[in-house]
Chemist: 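Before we start, here is the structure in question, set down as structure tokens.
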Amino acid sequence: MGTEQTERGLSALLGRLTDGFSKLVTQHLTLARVELMEDARVMGSDVARIAAFVPFVLVGYAFLCAALSAFLARWIGWDGSLALVGAVNLVGGGLGIARAASRLKGFRLMNDTAQELNRSVTALAHQTPVPVPVPAVQPATLPGEAGHGR
């Protein structure tokens, strides 16, 4: 009877362990999916920011080229203004792209999921096992030993 009770206890513990592990894996997958969607949204925003500054770089380049052409062709004062506007656009666009690109470099994809997985692994590794009641077993005596007086 004691062995049967121990087996039911082990069976129940194994069932709870399986259910808990299944729930943990499901929650981690859900977290990973949500975090991946959020990361994609943030990265998309940074890519859009880069795309928004590309025209400034192109306009700056066009103004610098026009200014250089006008400077060399005419030797008059309006070319300096074109050069200044072109340089401001070029510097502003370059700084915007550099800022967005450095932000993308420093971005860790699925950082929260990795931290949560590390916490779970640590918790599982340091968890104390649940003691399983083991019935006391009496040593067996063979029928021939009973009469030997040892």
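The figures here come from the full heavy-atom set of this structure, side chains too, leaving out hydrogens, waters and symmetry mates. Since this is a predicted model, take the numbers as computed values, not measurements.
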Chemist: Would you give the length of the straight line joining atom CG of Leu24 to atom CG of Leu17, rounded to the nearest 0.5 angstrom?
Modeler: 10.5 Å
Chemist: Counting N and O atoms only, with roles assigned by atom type, does the side chain of Ser22 sit under 3.5 Å from a partner on the main chain of Thr18, one being a donor and the other an acceptor?
Modeler: no
Chemist: What donor-acceptor contacts under 3.5 angstrom involve side-chain atoms of residues 43-57, with partners at least two apart or in another chain?
Modeler:
residue, atom, partner, partner atom, Å
Asp46, OD1, Arg49, NH1, 2.9

Chemist: Calculate, to the nearest 0.5 Å, the distance between atoms CZ and CE belonging to Arg33 and Met37 respectively.
Modeler: 8.0 Å
Chemist: Going only through I, L, V, M, F, W and Y residues with side-chain contacts under 4.5 Å, is there a path from Leu104 to Val42?
Modeler: yes
Chemist: Decide whether Leu58 and Ile97 are clustered together by the hydrophobic rule: side chain heavy atoms of Ile, Leu, Val, Met, Phe, Trp, Tyr closer than 4.5 Å, transitively.
Modeler: yes
Chemist: I need the Leu95 CG to Leu90 CG distance, nearest 0.5 Å.
Modeler: 9.5 Å
